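Counting convention: from 1, in listed order, for ligands and their atoms alike. Owing to the predicted nature of the structure, the values given are computational and were not obtained by experimental measurement.
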Amino acid sequence: MDLRRRVIDAFQQRFAGDPTWLIRSPGRVNLIGEHTDYNDGFVLPMAIDRAIWVALRPRRDDVVQVLALDFGEEAGFHLAHLEKGGPAWSEYLKGVAWALSEAGYRLCGWEGVIAGDLPIGAGLSSSAALEMAAAKAFSTAAGWPWDVKEMALLGQKAENQWVGVQCGIMDQMICAGAAAGHAMLLDCRTLEFTHVPLPPDCIVIVLDTGTRRGLVNSAYNERRAQCEAAARALGVPALRDAALEELERWAGRLDEVVYRRARHVVGENARTLEAAEAMRRGDARELGRLMNASYVSLRDDFEVSGPALDAMVECAWEHPACLGARMTGAGFAGCAIALVEVSGAEGFVSRVMDCYRRRTGLEPQAYVCTASAGANVFR
Ligand code: GLA
């Protein structure tokens, strides 16, 4: 049964009567521009056709009461007394309510059912999808307009300060503002963005390694600190402001690890802008080449790959229809993506899956994905 039907049916059973609205909030893959967002740099993510769905109805009081089908769990809270504690998924809803009310948005209660087909912790931004689903629910229930930048920033604030994960702004921005059929070139300093069409005759395939790693307490914060140290040493506000030639002059004077982290970020920003140009020209081959270069840099300089991601990317590279492949998201585990020529795509998934199983003994999954719209509400 499709998710839309599932949340409607479950709503009718649990809350009696029909939901007033349906919300869809997608996951994302990042085509290129990894670990650049918190360096004020550029990213090029696209929303995918896997999403979180919410069926909801407004309430007259200040209670938010939600049933999460994927966890078989229900949670409720009062908007006037937001306190931490409760199932982990409900903390995202509460955190968003907190960030919105801190920013002065009027909130009203609602009841709803949530379900999704986004694997959790796989690097496809299930957290941002849940945050933007919550923001959309509050904006719809209280009737104020949707502002992409504001909602993304408040979702990020909820994740940073309520949930306690130091993510950048990429995931919330793409989820809040994606356009179907397009990736988003986002300047993470100004939050200005343009929609860039996917090149013709190729598809994006998500390759899930079946391995998972949480972001909290991970090496993510360490990478951020190393990037900040590099920017301080170079005397720039953020690594976005450093040029490669300038960084090269620092080789030998900067801590060797910090130098390599900075080299990744500076190179990745340039690659991301080139990738957007290649897409505008419809040059899938060049986009694939840049994705491969991004991967090598993430693996060797930024050191955020891992054995499972390495195996998956190498298996994808071996296929003749593969234009490019790389890890996507924070790294270490989770998903890779491949850009594949449509004409040779048949058999790609089964061949890559076989190769990966043989090399790792792990059970992978693959989804051919299309670029979807951002968080949306339906009546
Ligand atoms: C996670 C974070 C993003 C971004 C990526 C790495 O997905 O949530 O903000 O930093 O890692 O590019």
Quiz item: Should you measure from each heavy atom of Arg28, which atoms of ligand 1 turn up under 4.0 Å away?
Solution: 7 (O)
Practice problem: Would you mind running through ligand 1 and noting each atom that sits below 4.0 Å from a heavy atom of Asp37? | Solution: 3 (C), 4 (C), 9 (O), 10 (O)
Practice problem: Begin with the C-alpha distance, continue with both residues' side-chain angles, and end with the deciding distance and a verdict on side-chain hydrogen bond (donor to acceptor under 3.5 Å, both in side chains) for Tyr295 and Glu314. | Solution: CA-CA 11 Å; Tyr295 179 69; Glu314 282 159 22; 5.7 Å; no
Quiz item: Between Glu246 and Arg263, is there a side-chain N and carboxylate O pair less than 4.0 Å apart?
Solution: no
Quiz prompt | For Asp171, the ligand 1 atoms whose distance to one of its heavy atoms is below 4.0 Å | solution = 1 (C), 2 (C), 3 (C), 7 (O), 8 (O)
Practice problem: Tell me, please: is Met327 in heavy-atom contact with ligand 1, that is, under 4.0 Å? | Solution: no
Exercise. Using the six-membered ring of Tyr367, assess whether NZ or CZ of Arg50 lies under 6.0 Å from its centre and within 45 degrees of the ring axis.
Key: yes
Practice problem: Consider only side-chain N and O atoms of Arg326 and Ser294, and report whether a donor and an acceptor are under 3.5 Å apart. | Solution: yes
Quiz item: Taking the inter-plane angle between the rings of Tyr105 and Trp144 on a 0 to 90° scale, is it parallel (under 30°), tilted (30 to 60°) or perpendicular (over 60°)?
Solution: tilted
Practice problem: Say whether Asn30, considering both its backbone and side-chain N or O atoms, lies within less than 3.5 Å of an N or O atom on ligand 1. | Solution: no
Quiz item: Are the charged groups of Arg261 and Glu303 less than 4.0 angstrom apart, N to O?
Solution: yes
Quiz item: Hey, which atoms in ligand 1 end up nearer than 4.0 Å to a heavy atom of Met170?
Solution: 4 (C), 5 (C), 12 (O)
Practice problem: Output the list of atoms in ligand 1 that are nearer than 4.0 Å to some heavy atom of Tyr38, sorted by atom number. | Solution: 10 (O)
